[in-house]
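The figures here come from the full heavy-atom set of this structure, side chains too, leaving out hydrogens, waters and symmetry mates. Residue numbers start at 1 and run along the sequence shown.
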Amino acid sequence: MEQEIRIFYEKEILEIENRKNELEKSFNRVAWARLAAFLAAVVLLYMGLTERPGKLFYLWGGIALIAGFLALVRLHDMIEKKQRLLAARETATKAYPARFTNEWREFPENGSRYLGKKHTVARDLDLLGPGSLYQLISICQSAYGKWRLADVLLDPSSRIKERESRQEAIHELAGKQKFLLDYESVVRQAFVDNRRHPTREDDGKKPGATYKPGKVHFAGWMGLLMVFVPLMNVAVVTAIVLGLLQPAWILVAFIVGYGITAGCKPKLEQETGDIYATEMTSGQVYPIFEAIKKETFTSSRLAQIREKVVGTDGMMAAQKKLSRLADLKNLDYNPLAGMLLTGFLGWDFFLAYLAFRWDREHGKAFAGSFEIVGEMEELGSLAVLSLVRPTCLPELREGERGVSFTDMLHPLLDPDTVVSNSGTLESNLTIITGSNMSGKTTFLRTVALNLVLSYIGAGTTAKSFVSGHRKIFTSMRVMDDVTGGISTFYAEILRIKEMAEYIAEEHHTPAICLIDEIFKGTNSADRIVGAREALKKLSLGDSMVIVTTHDFELCDLKQADGTAAENYHFEEYYEDDKLKFDYTMKDGPCTTRNARALLQMAGLMD
């Protein structure tokens, strides 16, 4: 299956290269034709505005070529738009092979901006930040999608009630490789690669729509000038043709029209800016909804999203008309076309009027587009995991005591070399011992990461994964706070205190506490005594505690109810006088040590 997926993306990259060459040729041909049409129009207009036989014929020929020039400008823009979309698709496609290696760790978006000091679990488990799950799977390009994905990973339990519908939707998207590429490509073009409508950078908070329906105004004086400028130019041209005015007057009319329109432009943009400068990139959003419309979905959640887009509420119609409006606005970005349209037609007045009318007719439907884009990005990102890692549909059972898994692996490690583990953890207290670098901490993260994936409806990286719903606590990457006067040891105490308080309050959702090298920041005597007392408190009630340690003295620890703790271990082995690890969890406490061997290998000990 993995090989088939890799071949799919390799073929897609080859097709993109061929299409790029075709578009480049078309782009160049239209560019030359556009230039030729403009130069010919200038010559014919000059001949038509000077005294010579057949000047009327030359004048109308020049006008026709100006119209042709504008049509070629539009065609040129359309080809350029296709090129940008293809470039966006190329970027999206090449990211998938990178996810099968460690190249994904170079992806620019890793979600760090959403991490706060309180997000200790996310930092410990690499949910967000450099080398994180977010960085591996995210296909989000909009501020809305980025925020939604980050929010889901930071608070996975908040999605428990909708887990089943999410799992159904994510599983369906994982089977739609082409749609995920189509969708990421059009969103990327709209929010990232579209040079004419750059999206704002979000600041880590939930983005709000800058566009508010009903806020666009079109005053009466705007309407009068919208009519006056083109009529003035038509009247001058007619007078010239009839011999009532000298040809030079067409330049005067153009300058007057340009001055009026340019002078009013700041006010017009102020009234319509929420449409043309929205972070939804105006009409560029239409292809996003078109991609959703073209796809058929069977899961209830995705079917509901599609219905919101193509249903009778007008969202698709609003986007389509906005797309046309944005295309008209794009003509303004061409220096020549923009100047001609401004001077002769008062173009900005027409754009303001069209924006005003669209706002009244379709503004409310458009405002509902923001969440649709983000939700599909978030669900699609979670589906990506099942395309680049072996996953299963996890079971989340009400009242399930432990965590059972078969061939469970860490989703962020190289899939070609990562080692899987199988087992069942169901004791209130599990002690994991083992030598340095043997895989203890990685195992803790593997369990927790798959619990997170299970809660949010994603596939888990295992052949089977069964658990109940528990609130996840971690104490792994504990750091001191110099400015706050908190040592590493005290910072760890605060984390474990938070766990103990939650357990003592007997919440409906029991806790699972994953602690790496408990109290490693203090001396061995105090560490062992403190760990014994703390772990007894944490193993109360229905809570689960999984702790790694080098202190073999903790292996015989009793739980709060007097029963023995469950013990597992990881160990090393030697081959050709070299230290090696199999990263496999084994029953019972560890009986080996490798600290001296590591010191000797480093040349620090004889």
Side-chain angles (χ1 to χ4, degrees), residues 91-92 94-159 163 166-167 169-170 173-174 180 183-184 187-188 191-192 199 201-207 373-389 391 394 409-415 418 442 444-461 472 474 476-477:
T91 302
K94 288 183 176 180
Y96 282 87
R99 291 182 173 107
F100 288 106
T101 66
N102 282 326
E103 291 179 31
W104 63 268
R105 296 177 183 272
E106 303 300 320
F107 291 173
E109 189 65 43
N110 60 36
S112 293
R113 73 184 74 180
Y114 304 101
L115 278 172
K117 287 186 176 181
K118 65 178 182 179
H119 298 132
T120 55
V121 173
R123 292 181 186 277
D124 284 351
L125 303 182
D126 296 313
L127 293 174
L128 290 92
S132 65
L133 181 64
Y134 183 104
Q135 189 174 23
L136 171 67
I137 66 175
S138 177
I139 62 171
C140 301
Q141 306 302 320
S142 73
Y144 314 96
K146 293 174 184 178
W147 180 85
R148 281 187 65 104
L149 179 60
D151 187 55
V152 165
L153 294 175
L154 290 173
D155 189 11
S157 291
S158 65
R159 268 59 177 190
R163 176 186 173 279
R166 288 175 57 83
Q167 187 179 81
I170 292 167
L173 287 174
L180 286 178
Y183 191 76
E184 182 181 356
V187 178
R188 179 180 289 276
F191 288 91
V192 179
T199 181
E201 283 294 320
D202 58 279
D203 58 4
K205 299 178 181 179
K206 182 177 181 179
V373 173
E375 182 174 5
M376 189 64 83
E377 282 187 289
E378 178 247 313
L379 295 173
S381 295
L382 294 171
V384 165
L385 183 64
S386 294
L387 292 174
V388 298
R389 298 291 185 272
T391 62
L409 54 85
H410 195 296
L412 305 182
L413 298 182
D414 189 329
V418 65
T442 299
L444 287 188
R445 292 196 175 102
T446 304
V447 172
L449 276 166
N450 279 284
L451 284 172
V452 169
L453 292 169
S454 176
Y455 296 168
I456 61 181
T460 48
T461 49
I472 301 172
T474 61
M476 297 179 186
R477 292 190 177 116

Side chain to side chain, [X] and [Y], heavy atoms closer than 4.5 Å:
X: Leu453; Y: Thr391; result: no
X: Ser454; Y: Arg163; result: yes
X: Val388; Y: Trp104; result: no
X: Asp126; Y: Arg477; result: yes
X: Thr461; Y: Val418; result: no
X: Leu180; Y: Leu387; result: yes
X: Glu377; Y: Arg148; result: no
X: Ile139; Y: Tyr96; result: yes

Going from [atom1] on [X] to [atom2] on [Y], what distance comes out if it is rounded to the nearest 0.5 angstrom?
X: Met376; Y: Cys140; atom1: CE; atom2: SG; answer: 12.0 Å
X: Leu382; Y: Ile137; atom1: CG; atom2: CD1; answer: 4.5 Å
X: Leu133; Y: Leu125; atom1: CG; atom2: CG; answer: 10.0 Å
X: Tyr114; Y: Leu153; atom1: OH; atom2: CG; answer: 11.5 Å
X: Asp155; Y: Tyr455; atom1: CG; atom2: OH; answer: 12.0 Å
X: Asn110; Y: Leu136; atom1: CG; atom2: CG; answer: 12.0 Å

Arg166 and Glu378 ion-paired at < 4.0 Å =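 Salt bridge present between Arg166 and Glu378.
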
Please name the pair of heavy atoms, one in [X] and one in [Y], separated by the smallest distance, quoted to 0.1 Å.
X: Leu128; Y: Leu115; value: O-CD1, 3.5 Å
X: Ile456; Y: Arg159; value: CA-CB, 4.5 Å
X: Ser138; Y: Ser381; value: CA-OG, 3.6 Å
X: Glu109; Y: Tyr134; value: CG-CE2, 3.8 Å
X: Ser142; Y: Val373; value: OG-CG1, 3.9 Å
X: Asn450; Y: Leu409; value: ND2-O, 3.6 Å

Verdict with reasoning, Leu154 to Val121, per side-chain contact (heavy atoms from CB on, under 4.5 Å) | CA-CA 8 Å; Leu154 290 173; Val121 173; over 6 Å; no

Between the main-chain N or O of Met476 and the side-chain N or O of Arg123, is there a donor-acceptor pair closer than 3.5 Å?
->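 No; zero donor-acceptor contacts below 3.5 Å.
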
Please answer whether the main-chain N or O of Arg105 pairs with a side-chain N or O of Gln135 as donor and acceptor at a distance below 3.5 Å.
->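 The answer is yes, because a donor-acceptor pair under 3.5 Å joins these two groups.
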
